[in-house]
Protein chains: 2
Amino acid sequence: MRFCVIGAGSGGRAFAAYIASKGYSISLYNRSFTRISDIIKKGGIEASGELTGFLPLDCITQDIELALKDSNVIMVVTPASAHKHIAKMIAPYLTEGHIIILNPGRTFGSIEFIKIIEKYRGNIPIFVGETQTLLFTSRQLSENKVNIIKIKDSVGFSCFPDKYNDLVYEIIKDIFPQLEPIDDYFEITLNNIGMLLHPTISLFNAGLMDFGKKFKFYKEGTTPRVCLVLEMIEMELNEIFEKLGLKQLKYHKWAEKSYGVKAETIYEAIQKVEPYQNINAPTQLITRYFTEDVPTGLVPISSLGKFLGVPTPTIDSVIHLASILCGIDFMKEGRIIEKLQIQNLLKERLYVEDIAIGTLFLEQKDESSKKLKEYNNFFQYN
Amino acid sequence: MRFCVIGAGSGGRAFAAYIASKGYSISLYNRSFTRISDIIKKGGIEASGELTGFLPLDCITQDIELALKDSNVIMVVTPASAHKHIAKMIAPYLTEGHIIILNPGRTFGSIEFIKIIEKYRGNIPIFVGETQTLLFTSRQLSENKVNIIKIKDSVGFSCFPDKYNDLVYEIIKDIFPQLEPIDDYFEITLNNIGMLLHPTISLFNAGLMDFGKKFKFYKEGTTPRVCLVLEMIEMELNEIFEKLGLKQLKYHKWAEKSYGVKAETIYEAIQKVEPYQNINAPTQLITRYFTEDVPTGLVPISSLGKFLGVPTPTIDSVIHLASILCGIDFMKEGRIIEKLQIQNLLKERLYVEDIAIGTLFLEQKDESSKKLKEYNNFFQYN
């Protein structure tokens, strides 16, 4: 079995080194030469941390055709905002049975990826899935190095459609025992933590980020009142999860799972996550915190809310102001459900939910969403 | 003629000293004792700057009935968010012919004031007007002092309804020759500069203001990209002005008039206004920048936009996020036109505009608003 890793940042390097360490044949692709020039020179990656030593790679290249040649599994390890471009780029070279995993997918990553491949190649039998978060906590070092701080114990993944989960899992489970197949694709793809924190905190510190002032992004820029807005966004998300019969992974629970902190609120959790405390704010305004997390996170959620009849005024406000700040029409650029063409899929889901769960339970769900309704009434002015 | 000044901050003290210097009888009211205790002790105000010397006052008190006794003209010199409370408080003591001037009114100040007086006293023949900005540039000093840096040459004022302008002007013109009656009340009350800058700049620096970090509000916190949002708000405002056949005072023009700076954009103007450069950001988040300027500025504009069919998505986003940050439902607390009951007045205005100006000109106005429409289409996602 041959792997191809797309993206040679810290995540891509970690994947390439890990796969090579398992003795598999592997090619590494990167768009720009600077990221791979030293890896080409040395013929492989120098890993430190949980994985140590020099790992040779079979092929390191800027030529996507060459990178994909004879590959069976493609690991996409780039910002989610690059997925569209990558799908179009690799479409001509895909063959029957190819497995593609987005690390991570953000919201509706696999669906967007499949739609673009269909557009350029028609309906070919390939399998596309995504992880909820990156398998590695890693930092890119200079030259051909990578520091793998942590290989996570368990990361959820799912294909779209999720009926292919078992098939794909059988193929990759020996190499990636940490990947845990989740039955419901929506549960993986909607529980996107990046979109909750990054854009909103950036918005409330936009002035000084744009000015280039030095400050601590989480420790100084993320205060109790800023977290009120994050809590509000989480409530809007919760309403959507309830409508779809899905379990929301709340931030403080995610922080407990990922960092072992015990907290009741978002503010408390953020203050307790040790690795956050020394993170400086970006010294420029336009970063992945907006350009990745708005179009591949808040935008699909907002369009989903509109489809389901769930108001998302706070999410919409963040999208609108971020669009002006960045000069990018994120609602146009981003993953809206009309473009993903999942209206029928959503209707089916709602219908199945209705039959399976029954009216009584739906009423209880309405009950549980009262809190958001009260909050919304409080802020109602449309 | 006897004056009553309500509010003993820097503005109120400047008014009291100025009126006393003209030889008129005057009382000064303040809600809290700390602001007036030293003035009571000394029996008057110690002025410096454009007005110099000790100015004795007839009455300095926390008792509103006493303050208003035998008064003819009432100068309200408080944050606009206090107008509602003051109107209710003084209503029982008003007598026929009383003149009340709000310094300044912010948006629809006089209308709100009259409605509340009507509620508590019915229809009594009094005259309520407002200025566009404060007549004095002043700073409150310790004890009984005030520093009057500048008495402005010309400040627009208008009564509501504006048919009373001449009548009121005749009475006050000898004491306040700087006040310039403006024919159209709407032109005074809608050209509210404070609401343009304060809430939005505060929003984009909310994190560090809430954290209490020291930085320069305008010099560091108001960057080119923050000013893109201010330009967008100015465009939404412009559409409303055009619909009502009114001339908008653009910020860079206002800065030229007020500070003599020549600039083409909001960012350029703000960077050139010398007194702005050393202003520190408030070291707390909840200030008049939100609690005054949102409910008495952005909120009435948003509700006016809805009435006129002009979309104000940027203004609405700022209001919504500021509401969550402050824990105040500003759309409920603020001056919305339904509460002010000016729907018929607005319909009449639009009707008169239509007849007087003709359909052709209205079409030209539509033409001139194309720019905003294009911008809005760019950001359209509703």
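In what follows, chains carry the letters A, B, and so on, assigned in the order in which the sequence lines appear, proteins first and then strands, with residues in each chain numbered from 1. Model, not experiment: these values are computed from the prediction.
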Hey, what do you get for CG (A:L244) to CG (A:L350), rounding to the nearest 0.5 Å? 6.0 Å

Of the listed A:V226, A:L203, A:I201, the one with the largest count of heavy-atom pairs under 4.5 Å with chain B is A:L203

Under a 4.5 Å cut-off applied to non-hydrogen side-chain atoms, are A:L304 and A:L346 in contact? yes

Rounded to the nearest 0.5 Å, how far does CD1 of A:I240 lie from OG of A:S302? 8.0 Å

Any side-chain heavy atom of A:M232 within less than 4.5 Å of one from A:T200? no

Crowded around A:K339 NZ? As in, over 12 foreign heavy atoms under 6.0 Å? yes

For residues 105-115 of chain A, give me every residue with a non-hydrogen atom less than 4.5 Å from any non-hydrogen atom of chain B. none

With heavy-atom distances below 4.5 Å as the criterion, would you say the side chains of A:N192 and A:I301 are in contact? no

When rounded to the nearest 0.5 Å, the distance separating CG of A:N238 from NZ of A:K250 is 5.0 Å

One pair to check against side chain to side chain donor-acceptor pair (under 3.5 Å): A:T189 and A:E130. What are the steps and the verdict? CA-CA 8 Å; A:T189 209; A:E130 66 192 69; 2.6 Å; yes

Heavy atoms under 4.5 Å from chain B: which residues of residues 204-214 of chain A carry them? A:F204, A:N205, A:A206, A:G207, A:L208, A:D210, A:F211, A:K213, A:K214

Would you say A:F160 and A:L345 make side-chain contact, with heavy atoms under 4.5 Å? yes

dist B:Y251:OH -> B:C227:SG (nearest 0.5 Å) comes out at 9.0 Å

As an exercise, state the distance from OG of A:S303 to CG of A:L298, rounded to the nearest 0.5 Å. 11.5 Å

Drop me the distance from A:K262's NZ to A:E256's CD, to the nearest 0.5 angstrom. 4.0 Å

Considering only heavy atoms, give the residues of residues 264-296 of chain A separated from chain B by less than 4.5 Å, sorted numerically, with 'none' for an empty result. A:L285, A:I286

Sorted by chain and number, sequence neighbours left out, ring-ring contact (aromatic ring centres under 6.0 Å, His included) with B:F215 holds for none

